Amino acid sequence: MLENIRIVLINTSHPGNIGAAARAMKNMGLSDLRLVAPKLYPHEKAVWRAASAADVLDQAVVHETLEDAVQGCQLVIGTSARDRSIPWPVMNAREAAETVLQEPGNNKVALLFGREDRGLTNEELQQCNFHLQIPTNDAYSSLNLAAAVQVACYELRMAALARQEMEGTPGPKPDWGVEWDAETADADELRRLFEHMEEALVQLEVINPKNPRQLMTRLKRLVLRSRPDKVEVNLLRGVFSAAQKLVK
Ligand code: SAH
(Lines give C-alpha, C1' and ligand atoms only; values in the text may rest on other atoms or scores of the structure.)
Protein backbone atom coordinates (compact mmCIF):
# COMPACT_ATOMS: atom_id res chain seq x y z
CA MET A 1 0.00 0.00 0.00
CA LEU A 2 2.73 2.52 0.93
CA GLU A 3 4.51 2.06 -2.44
CA ASN A 4 1.44 3.35 -4.23
CA ILE A 5 1.47 6.68 -2.42
CA ARG A 6 3.30 9.74 -3.70
CA ILE A 7 3.91 12.87 -1.68
CA VAL A 8 3.64 16.01 -3.83
CA LEU A 9 5.12 19.29 -2.54
CA ILE A 10 3.95 22.32 -4.50
CA ASN A 11 6.18 25.41 -5.00
CA THR A 12 8.11 24.83 -1.78
CA SER A 13 10.16 27.90 -0.74
CA HIS A 14 12.55 26.42 1.80
CA PRO A 15 14.79 23.58 0.66
CA GLY A 16 15.16 22.54 4.31
CA ASN A 17 11.47 21.63 4.33
CA ILE A 18 11.98 19.40 1.29
CA GLY A 19 14.76 17.54 3.08
CA ALA A 20 12.75 17.23 6.29
CA ALA A 21 9.77 15.92 4.30
CA ALA A 22 12.01 13.30 2.66
CA ARG A 23 13.15 12.20 6.11
CA ALA A 24 9.60 12.05 7.46
CA MET A 25 8.64 9.89 4.50
CA LYS A 26 11.54 7.46 4.81
CA ASN A 27 10.98 7.06 8.56
CA MET A 28 7.42 5.98 7.77
CA GLY A 29 8.31 3.74 4.81
CA LEU A 30 7.30 6.00 1.91
CA SER A 31 9.68 6.90 -0.90
CA ASP A 32 7.90 8.52 -3.84
CA LEU A 33 8.52 12.28 -3.54
CA ARG A 34 7.41 14.72 -6.25
CA LEU A 35 8.38 18.40 -6.29
CA VAL A 36 6.32 20.81 -8.35
CA ALA A 37 8.39 23.85 -9.33
CA PRO A 38 10.36 24.14 -6.04
CA LYS A 39 11.83 27.64 -5.47
CA LEU A 40 15.36 26.52 -4.51
CA TYR A 41 16.28 23.00 -5.47
CA PRO A 42 18.60 21.12 -5.44
CA HIS A 43 20.11 22.74 -2.37
CA GLU A 44 22.54 21.68 0.37
CA LYS A 45 19.99 22.57 3.07
CA ALA A 46 17.69 19.90 1.66
CA VAL A 47 20.48 17.34 1.90
CA TRP A 48 21.31 18.30 5.51
CA ARG A 49 17.73 18.07 6.67
CA ALA A 50 17.15 14.77 4.88
CA ALA A 51 19.96 13.20 6.97
CA SER A 52 19.87 9.48 6.11
CA ALA A 53 17.00 9.93 3.67
CA ALA A 54 19.25 11.33 0.93
CA ASP A 55 18.14 8.41 -1.25
CA VAL A 56 14.54 9.67 -1.17
CA LEU A 57 15.79 13.11 -2.26
CA ASP A 58 17.94 11.61 -5.02
CA GLN A 59 14.93 9.79 -6.41
CA ALA A 60 12.59 12.77 -6.06
CA VAL A 61 11.11 13.83 -9.39
CA VAL A 62 10.82 17.54 -10.19
CA HIS A 63 7.74 18.46 -12.25
CA GLU A 64 6.80 21.73 -13.90
CA THR A 65 3.08 21.39 -13.27
CA LEU A 66 0.75 19.75 -10.79
CA GLU A 67 -0.95 17.94 -13.69
CA ASP A 68 2.35 16.18 -14.43
CA ALA A 69 2.89 15.28 -10.78
CA VAL A 70 -0.50 13.59 -10.34
CA GLN A 71 -0.51 11.86 -13.70
CA GLY A 72 -1.84 8.31 -13.39
CA CYS A 73 -3.24 8.84 -9.87
CA GLN A 74 -6.75 7.59 -9.16
CA LEU A 75 -7.02 9.21 -5.75
CA VAL A 76 -5.78 12.74 -5.05
CA ILE A 77 -5.98 14.21 -1.56
CA GLY A 78 -5.13 17.85 -0.84
CA THR A 79 -3.90 18.89 2.60
CA SER A 80 -4.80 22.26 4.04
CA ALA A 81 -5.33 23.82 7.45
CA ARG A 82 -7.81 26.32 6.09
CA ASP A 83 -11.57 25.95 5.54
CA ARG A 84 -12.67 27.04 2.09
CA SER A 85 -15.63 29.13 0.98
CA ILE A 86 -16.75 26.23 -1.19
CA PRO A 87 -16.00 23.38 1.19
CA TRP A 88 -14.51 20.15 -0.13
CA PRO A 89 -15.22 16.83 1.64
CA VAL A 90 -12.94 16.99 4.68
CA MET A 91 -11.15 14.11 6.41
CA ASN A 92 -8.62 14.07 9.20
CA ALA A 93 -5.33 12.23 8.59
CA ARG A 94 -6.64 9.00 10.15
CA GLU A 95 -9.76 8.93 8.01
CA ALA A 96 -7.70 9.74 4.93
CA ALA A 97 -5.33 6.84 5.69
CA GLU A 98 -8.34 4.53 6.05
CA THR A 99 -9.62 5.71 2.65
CA VAL A 100 -6.22 5.15 1.05
CA LEU A 101 -6.15 1.65 2.53
CA GLN A 102 -9.45 0.80 0.90
CA GLU A 103 -8.24 1.66 -2.59
CA PRO A 104 -8.30 -1.23 -5.05
CA GLY A 105 -4.87 -2.93 -5.32
CA ASN A 106 -2.93 -0.97 -7.93
CA ASN A 107 -4.53 2.44 -7.61
CA LYS A 108 -2.03 5.24 -7.25
CA VAL A 109 -2.57 7.89 -4.62
CA ALA A 110 -1.20 11.45 -4.40
CA LEU A 111 -1.12 13.61 -1.28
CA LEU A 112 -0.66 17.30 -2.08
CA PHE A 113 1.08 19.78 0.23
CA GLY A 114 1.00 23.52 -0.33
CA ARG A 115 3.37 26.46 -0.09
CA GLU A 116 4.74 27.58 3.27
CA ASP A 117 3.26 31.07 2.91
CA ARG A 118 -0.02 30.49 1.05
CA GLY A 119 -0.82 26.79 1.17
CA LEU A 120 -2.79 25.25 -1.72
CA THR A 121 -4.78 27.50 -4.04
CA ASN A 122 -8.51 26.86 -4.38
CA GLU A 123 -7.87 25.70 -7.92
CA GLU A 124 -5.38 23.07 -6.70
CA LEU A 125 -7.67 21.84 -3.93
CA GLN A 126 -10.49 21.61 -6.45
CA GLN A 127 -8.55 18.98 -8.38
CA CYS A 128 -8.65 16.74 -5.30
CA ASN A 129 -11.13 14.07 -4.31
CA PHE A 130 -10.82 15.00 -0.65
CA HIS A 131 -9.42 17.67 1.66
CA LEU A 132 -7.22 16.36 4.47
CA GLN A 133 -7.31 18.70 7.44
CA ILE A 134 -5.31 17.91 10.56
CA PRO A 135 -7.54 19.16 13.39
CA THR A 136 -5.15 21.63 14.97
CA ASN A 137 -5.63 24.47 17.46
CA ASP A 138 -7.97 27.15 16.05
CA ALA A 139 -5.69 29.81 17.53
CA TYR A 140 -2.76 28.52 15.41
CA SER A 141 -3.80 25.94 12.88
CA SER A 142 -1.01 25.78 10.36
CA LEU A 143 1.76 23.23 10.89
CA ASN A 144 5.21 23.47 9.43
CA LEU A 145 5.14 21.78 6.00
CA ALA A 146 7.39 18.85 6.96
CA ALA A 147 5.50 18.38 10.24
CA ALA A 148 2.27 18.05 8.24
CA VAL A 149 3.96 15.49 5.96
CA GLN A 150 5.06 13.63 9.10
CA VAL A 151 1.57 13.43 10.58
CA ALA A 152 0.03 12.23 7.31
CA CYS A 153 2.74 9.61 6.71
CA TYR A 154 2.48 8.39 10.31
CA GLU A 155 -1.24 7.73 9.93
CA LEU A 156 -0.63 5.96 6.61
CA ARG A 157 1.94 3.75 8.28
CA MET A 158 -0.32 2.98 11.25
CA ALA A 159 -3.14 2.01 8.88
CA ALA A 160 -0.78 -0.21 6.87
CA LEU A 161 0.54 -1.88 10.05
CA ALA A 162 -2.98 -2.51 11.36
CA ARG A 163 -3.88 -4.16 8.10
CA GLN A 164 -0.76 -6.36 8.16
CA GLU A 165 -1.63 -7.49 11.69
CA MET A 166 -5.19 -8.35 10.67
CA GLU A 167 -3.94 -10.35 7.72
CA GLY A 168 -1.84 -12.53 10.00
CA THR A 169 -4.80 -13.52 12.18
CA PRO A 170 -6.98 -16.56 11.45
CA GLY A 171 -10.66 -16.15 10.68
CA PRO A 172 -12.51 -14.23 7.99
CA LYS A 173 -10.47 -11.68 6.05
CA PRO A 174 -11.18 -8.09 6.94
CA ASP A 175 -13.57 -6.39 4.61
CA TRP A 176 -10.93 -4.27 2.89
CA GLY A 177 -10.61 -3.57 -0.80
CA VAL A 178 -13.85 -3.09 -2.66
CA GLU A 179 -14.51 -5.27 -5.68
CA TRP A 180 -15.45 -3.18 -8.68
CA ASP A 181 -16.08 -4.02 -12.33
CA ALA A 182 -14.09 -1.18 -13.91
CA GLU A 183 -10.92 0.72 -13.06
CA THR A 184 -11.18 4.04 -11.24
CA ALA A 185 -10.71 7.02 -13.58
CA ASP A 186 -7.39 8.79 -13.08
CA ALA A 187 -6.56 12.49 -12.70
CA ASP A 188 -5.95 13.01 -16.45
CA GLU A 189 -9.24 11.43 -17.44
CA LEU A 190 -11.10 13.59 -14.95
CA ARG A 191 -9.31 16.75 -16.11
CA ARG A 192 -10.29 15.99 -19.71
CA LEU A 193 -13.86 15.25 -18.59
CA PHE A 194 -14.04 18.65 -16.84
CA GLU A 195 -12.66 20.46 -19.91
CA HIS A 196 -15.22 18.72 -22.10
CA MET A 197 -18.02 19.35 -19.60
CA GLU A 198 -17.24 23.06 -19.42
CA GLU A 199 -17.02 23.41 -23.20
CA ALA A 200 -20.37 21.62 -23.64
CA LEU A 201 -22.10 23.56 -20.87
CA VAL A 202 -20.97 26.85 -22.41
CA GLN A 203 -22.34 25.76 -25.81
CA LEU A 204 -25.57 24.68 -24.14
CA GLU A 205 -25.70 28.10 -22.41
CA VAL A 206 -25.85 26.50 -18.99
CA ILE A 207 -22.62 28.36 -18.18
CA ASN A 208 -22.27 32.00 -19.13
CA PRO A 209 -18.53 32.44 -19.76
CA LYS A 210 -18.82 36.12 -18.75
CA ASN A 211 -20.29 35.11 -15.40
CA PRO A 212 -19.47 31.43 -14.77
CA ARG A 213 -20.19 31.70 -11.01
CA GLN A 214 -19.13 28.55 -9.13
CA LEU A 215 -20.96 26.15 -11.42
CA MET A 216 -17.93 24.17 -12.60
CA THR A 217 -16.52 24.10 -9.06
CA ARG A 218 -19.71 22.49 -7.79
CA LEU A 219 -19.88 20.04 -10.68
CA LYS A 220 -16.24 19.06 -10.13
CA ARG A 221 -16.94 18.47 -6.45
CA LEU A 222 -19.91 16.25 -7.33
CA VAL A 223 -17.87 14.14 -9.76
CA LEU A 224 -14.70 14.00 -7.66
CA ARG A 225 -16.39 12.81 -4.49
CA SER A 226 -18.22 10.05 -6.34
CA ARG A 227 -14.90 8.51 -7.56
CA PRO A 228 -16.23 7.56 -11.03
CA ASP A 229 -14.67 4.70 -12.99
CA LYS A 230 -13.38 4.87 -16.59
CA VAL A 231 -16.63 3.54 -18.07
CA GLU A 232 -18.73 6.10 -16.21
CA VAL A 233 -16.46 8.93 -17.35
CA ASN A 234 -16.80 7.80 -20.96
CA LEU A 235 -20.59 7.60 -20.58
CA LEU A 236 -20.73 11.16 -19.30
CA ARG A 237 -18.52 12.35 -22.16
CA GLY A 238 -20.82 10.55 -24.60
CA VAL A 239 -23.79 12.45 -23.19
CA PHE A 240 -21.95 15.79 -23.54
CA SER A 241 -20.88 14.98 -27.11
CA ALA A 242 -24.45 14.10 -28.06
CA ALA A 243 -25.75 17.35 -26.57
CA GLN A 244 -23.05 19.33 -28.38
CA LYS A 245 -24.10 17.75 -31.72
CA LEU A 246 -27.71 18.72 -31.13
CA VAL A 247 -27.01 22.40 -30.43
CA LYS A 248 -24.70 22.81 -33.45
N1 SAH B 1 -0.23 29.80 5.52
C2 SAH B 1 -0.57 28.63 4.80
C3 SAH B 1 -0.18 27.40 5.56
C4 SAH B 1 0.84 26.65 4.87
S5 SAH B 1 1.54 25.40 5.87
C6 SAH B 1 -2.07 28.64 4.49
O7 SAH B 1 -2.69 29.64 4.68
O8 SAH B 1 -2.61 27.67 4.00
C9 SAH B 1 2.25 24.42 4.58
C10 SAH B 1 1.45 23.20 4.20
O11 SAH B 1 1.42 22.26 5.27
C12 SAH B 1 -0.01 23.44 3.85
O13 SAH B 1 -0.17 23.92 2.54
C14 SAH B 1 -0.57 22.04 4.02
O15 SAH B 1 -0.22 21.26 2.90
C16 SAH B 1 0.21 21.54 5.24
N17 SAH B 1 -0.52 21.79 6.50
C18 SAH B 1 -0.18 22.67 7.47
N19 SAH B 1 -1.07 22.62 8.49
C20 SAH B 1 -1.99 21.69 8.15
C21 SAH B 1 -3.18 21.20 8.77
N22 SAH B 1 -3.59 21.62 9.96
N23 SAH B 1 -3.90 20.26 8.11
C24 SAH B 1 -3.51 19.81 6.91
N25 SAH B 1 -2.41 20.23 6.27
C26 SAH B 1 -1.65 21.17 6.88
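No experiment lies behind these values; they were computed from the predicted model shown.
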### Query
Got a donor-acceptor contact below 3.5 angstrom from the His131 side chain to the Ser80 backbone?
yes

### Query
So, the side chain of Gln74 versus the backbone of Asp186: is there a donor-acceptor pair under 3.5 Å, distance only?
no

#### Entry: Cluster check Leu33, Val149: I/L/V/M/F/W/Y, side chain < 4.5 angstrom
yes

### Query
Among Asn106, Asn107, Asn129, whose side chain to side chain donor-acceptor pair (under 3.5 Å) with Thr184 holds?
Asn107

### Summary
Separation between CZ (Arg115) and CG (Asn17), nearest 0.5 Å, reads 14.0 Å

### Summary
Exactly one candidate in Glu95, Gln150, Arg94, Glu98 meets side-chain contact (heavy atoms from CB on, under 4.5 Å) with Glu155; the answer is Arg94

### Message
Donor-acceptor pair, distance only, cut-off 3.5 Å: does the side chain of Arg221 make one with the backbone of Met216?
### Response
no

### Query
Excluding sequence neighbours, so at least two apart, what forms side-chain hydrogen bond (donor to acceptor under 3.5 Å, both in side chains) with Asp32?
Arg34

#### Entry: Transitive ILVMFWY side-chain link Val109 to Val61, under 4.5 Å
no

### Query
Between CG of Leu66 and CG of Asn11, what distance do you get to the nearest 0.5 Å?
9.5 Å

### Query
Taking NZ, NE, NH1 and NH2 as the nitrogens, is one of them in Glu103 or Arg227 under 4.0 Å from a carboxylate oxygen of the other?
yes

### Query
Is it true that Lys26 and Asp55 have a side-chain N and a carboxylate O under 4.0 angstrom from each other?
yes

### Message
Taking Ala162's backbone N and O only, do any of them form a donor-acceptor pair with Glu165's side chain (distance below 3.5 Å, no angle check)?
### Response
no

### Residues which pass side chain to side chain contact (heavy atoms under 4.5 Å, CB included) with Thr79, listed by chain and number, not counting sequence neighbours
Phe113, Leu132

### Query
Say you draw a straight line from CG of Asp188 to CD of Glu67; how long is it, rounded to the nearest 0.5 Å?
8.5 Å

### Message
Would you compute the distance between atom NZ of Lys39 and atom CD1 of Ile18 and round it to the nearest 0.5 angstrom?
### Response
10.5 Å

### Test item: Arg6 side-chain N/O and Ala69 main-chain N/O as donor-acceptor pair under 3.5 Å
yes

### Task
Mind checking the CD1-CG spacing from Ile207 to Leu219? Nearest 0.5 Å is all I need.
6.5 Å

### Query
Just checking, is any N or O donor in the side chain of Gln71 or His63 under 3.5 Å from an acceptor N or O on the other one?
no

### Query
According to the salt bridge (charged side-chain N to carboxylate O under 4.0 Å, His left out) rule, which pairs have a member within residues 237-248, sequence neighbours left out?
none

#### Entry: Heavy-atom check, side chain of Pro228 versus side chain of Val223, under 4.5 Å
yes

### Task
To the nearest 0.5 Å, tell me how far Gln126 CD sits from Gln214 CD.
6.5 Å

### Linked, directly or transitively: Leu224 and Val100 (ILVMFWY side chains, under 4.5 Å)
no

### Task
Flag yes if Val76 and Ile134 sit in one hydrophobic cluster, no otherwise; membership is Ile, Leu, Val, Met, Phe, Trp, Tyr, and two members link when side-chain heavy atoms are under 4.5 Å apart.
no

